[in-house]
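Report on one structure; see the data block that follows.
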Amino acid sequence: MATVLLVEDDQRVRDALVRALRGLGHVVFPVGTALDALREAAEHEPDLVVLDLGLPDLDGASALRMLRGHSDVPVIVATARGDEPSIVRLLEDGADDYVVKPFSSAQLAARMNALLRRSARGRAGAVDQGELTVGELTISLSQRRASLAGRALELSRREFDLLAYLAAHVGRVVSRRELVEAVWHEHPYVGHDQTIDVHMSWLRRKLGESASRPRYLHTVRGVGLKLVAPE
C-alpha cells in the first residue's frame, strides 16, 4: 500500500483511476489542478505522484519542475506524446517514469509498483552503510547526503543513487547497461543512454564541471562512465 497523489483534471478519468488504485489498497489523494497538487504534495508527502500534463491552471511540465524544487518524490507523468524528444524533456524536468495516453489502470498500476519497488530498494540499500570519500567529494550513504569541499550538494534521489554507485566503484569504468540495471533497477531499454546522459549532465553541473572539462565524472567513449578523484 502506498500514498498516491493523483493529479488529473478530467473528472471521469480521475474517478476511474481513484477506484482502481483504491481497489489495489493504495491511499489516493485526487486533485484536478497544479496548484492543488503542489499544496497536497507539501501537506501529505505522498509516496508517489501521478501527474497529468494537461492541467487547466498550469502546464504540467512547469508543475513538475516546481515540485522538484522541494521534493524528490517519485513521479509518473501521463503524457499524450511518446516521441523521444518529449520523453527526454520530461526526464530533464524530473520525471521518474511516464505513461502515454490512452493507458489502462492496469498499466499504470504496474508502473507504479515497479517504481515503488525501486524506491524501496534504494532506501533499504542505504541503511547502515558508511561514507564514501573521493577527493573533496563526500557521500554519506546512511544519511543520503553528499558534499563537495564541505558544500552540501542538492541532489535528487536518482542523482544521489547514480553518484553513490559510481563512487562505490571509484576508478572503474561502469557500463551504461550496468548503471541501468543497478541504479534504475531495470533491464536496458531503447533510450536509456539519453536518460543516463541527462542525469550525468545534471550531476556535472552540480559538481561544477562539464563533459568537455571533467574533473570527477569521466565518459569513456564506447565503454561507459567512471568517477575518479581529480589529480
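In terms of hydrophobic clustering, with Ile, Leu, Val, Met, Phe, Trp and Tyr side chains grouped at heavy-atom distances under 4.5 Å, V75 and V100 are assigned to a common cluster. Transitive grouping of hydrophobic side chains (ILVMFWY, heavy atoms separated by less than 4.5 Å) brings V50 and F103 into a common cluster. Hydrophobic clustering of Ile, Leu, Val, Met, Phe, Trp and Tyr side chains at less than 4.5 Å, counting indirect connections, unites F29 with L38. Under a hydrophobic-cluster definition in which Ile, Leu, Val, Met, Phe, Trp and Tyr are linked whenever side-chain heavy atoms come within less than 4.5 Å, directly or via other members, V77 and V88 are assigned to different clusters. Hydrophobic clustering (ILVMFWY, side-chain heavy atoms < 4.5 Å, transitive): V49 and V27 are in one cluster.
Here S104 contributes atom OG and L108 contributes atom CG; the two are 8.0 Å apart, rounded to the nearest 0.5 Å. Note: I139 CD1 to L227 CG = 7.0 Å, rounded to the nearest 0.5 Å. Rounding to the nearest 0.5 Å places CE of M200 at 5.0 Å from OG1 of T219. Within the model, atoms CG of D36 and CG of L58 stand 12.0 Å from one another, a figure rounded to the nearest 0.5 Å. Taking CG from L35 and CG from L55, the interatomic distance works out to 9.5 Å, rounded to the nearest 0.5 Å. R81 CZ to I87 CD1: the interatomic distance, rounded to the nearest 0.5 Å, is 9.5 Å.
Considering all non-hydrogen atoms of both residues, A20 and S105 come closest at CB-CB, 3.6 Å. Of all heavy-atom pairs between D9 and G32, the closest is CB-O, 3.3 Å. Considering every non-hydrogen atom in both Y216 and L207, the closest pair reads CB-CD1, 4.3 Å. Here the closest non-hydrogen pair linking V73 and P46 is CG2-O, 3.2 Å. Residue A37 comes nearest to V7 through the heavy atom pair CB-CG2, 3.5 Å, listed as atom of the first residue, atom of the second, then distance. Contact record, G171 with V228: CA-CG1, 4.0 Å, taken as the closest heavy-atom pair.
Annotation: side chain of H26 is in contact with side chain of N113 (closest heavy-atom distance under 4.5 Å). Between L225 and L217 there is no side-chain heavy-atom pair separated by less than 4.5 Å. Looking at L67 and L51, their side chains never come closer than 4.5 Å, going by heavy atoms from C-beta outward. L116 is not listed as a side-chain neighbour of P74, based on a closest heavy-atom distance of 4.5 Å or more. For the pair M112/L24, no side-chain contact is recorded, criterion being any heavy-atom separation below 4.5 Å from C-beta on. Between R144 and R157, some side-chain heavy-atom pair lies under the 4.5 Å cut-off.
Counting only distance, with no hydrogens or angles, the side chain of D97 and the backbone of R111 share no donor-acceptor pair below 3.5 Å. Formation of a donor-acceptor pair under 3.5 Å by the K206 side chain with backbone atoms of E154 is found in this model. A donor-acceptor pair is defined here as one N or O able to donate and one able to accept, closer than 3.5 Å; no such pair exists between the side chain of Y98 and the backbone of L91. S210 places a side-chain N or O within donor-acceptor distance of the main-chain N or O of R213, the cut-off being under 3.5 Å. Under the 3.5 Å distance criterion, the side-chain polar atoms of R22 are matched with a main-chain donor or acceptor of V28.
Side-chain contact annotation: R89 with T79, donor-acceptor N/O pair under 3.5 Å absent.
More than 12 heavy atoms of other shown residues, nucleotides or ligands fall within 6.0 angstrom of atom CD in Q107. Summarising the local packing, CZ of R145 is surrounded by 12 or fewer heavy atoms from other residues, nucleotides or ligands at distances under 6.0 Å.
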For this session: Evaluate the side chain to side chain contact (heavy atoms under 4.5 Å, CB included) criterion for residues L155 and D72: first the C-alpha distance (whole Å), next the side-chain angles of each, then the deciding distance (0.1 Å), finally the verdict.
Result: CA-CA 9 Å; L155 302 178; D72 64 353; over 6 Å; no
Problem set entry | side-chain hydrogen bond (donor to acceptor under 3.5 Å, both in side chains) between R158 and T195, worked out | CA-CA 11 Å; R158 189 74 76 198; T195 300; over 6 Å; no
Problem set entry | Pair R176-D197, salt bridge (charged side-chain N to carboxylate O under 4.0 Å, His left out): steps then yes or no | CA-CA 10 Å; R176 292 170 181 270; D197 288 342; 2.8 Å; yes
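Residues that satisfy the side-chain hydrogen bond (donor to acceptor under 3.5 Å, both in side chains) test with R68, not counting sequence neighbours, are D96. Judged as a side-chain hydrogen bond (donor to acceptor under 3.5 Å, both in side chains), and not counting sequence neighbours, the contacts of R65 are S62, D93. Every residue was checked against the salt bridge (charged side-chain N to carboxylate O under 4.0 Å, His left out) condition with E8, not counting sequence neighbours, and none meets it.
Ring geometry for W202 against H199 counts as perpendicular: the plane angle is over 60°, on a 0 to 90° scale with 30° as the lower cut.
Among L153, V170, L132, the one residue that satisfies the side chain to side chain contact (heavy atoms under 4.5 Å, CB included) test with L137 is L153.
Between R14 and D52, none of the side-chain N atoms (NZ, or NE/NH1/NH2) sits under 4.0 Å from a carboxylate O, so this pair counts as no salt bridge.
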